[in-house]
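See below for the structure under consideration.
These values consider heavy atoms only, across backbone and side chains, with no hydrogens, waters or symmetry-generated copies. These numbers were taken from a predicted model, which means no experiment stands behind them.
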Amino acid sequence: MDNSQNLSYQAGQAKGQAQEKGNQMMNSAANIAQSAKESLQEAGQQVQDKAQGAAEAVKNATGLNK
């Protein structure tokens, strides 16, 4: 293999490694986004449950729940 072929091979290797690293970073970002989405959904559900509980407590305290 002459010098130009060697340089071309090394450039191809570097390009492939950079693409793979980019793919790994994209997958990592997607996983982080999914985790954040799930956390927010869970927090929203907890807030909704607490609000429902508070509404029921008010109904019970005022006698509207009978």
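Side-chain atoms of Ser39 come within 3.5 Å of backbone N or O of Ser35 as a donor-acceptor pair.
Of the candidates Gln41, Gln48, Glu42, Gln48 is the only one forming a side chain to side chain contact (heavy atoms under 4.5 Å, CB included) with Gln45.
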Report, one line per pair, each donor and acceptor closer than 3.5 Å where one atom sits in a side chain of residues 18-29; sequence neighbours left out.
from, atom 1, to, atom 2, distance (Å)
Glu20, OE2, Gln24, NE2, 3.4
Asn23, ND2, Gln19, O, 3.4
Asn27, ND2, Asn23, O, 3.4

| query | Do Glu38 and Gln34 pass the side-chain hydrogen bond (donor to acceptor under 3.5 Å, both in side chains) test, and can you show the C-alpha distance, the side-chain angles, and the key distance before you say yes or no? | reply | CA-CA 6 Å; Glu38 291 169 3; Gln34 181 64 31; 2.9 Å; yes
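Side-chain N/O atoms of Glu56 and Gln52 include a donor and acceptor closer than 3.5 Å.
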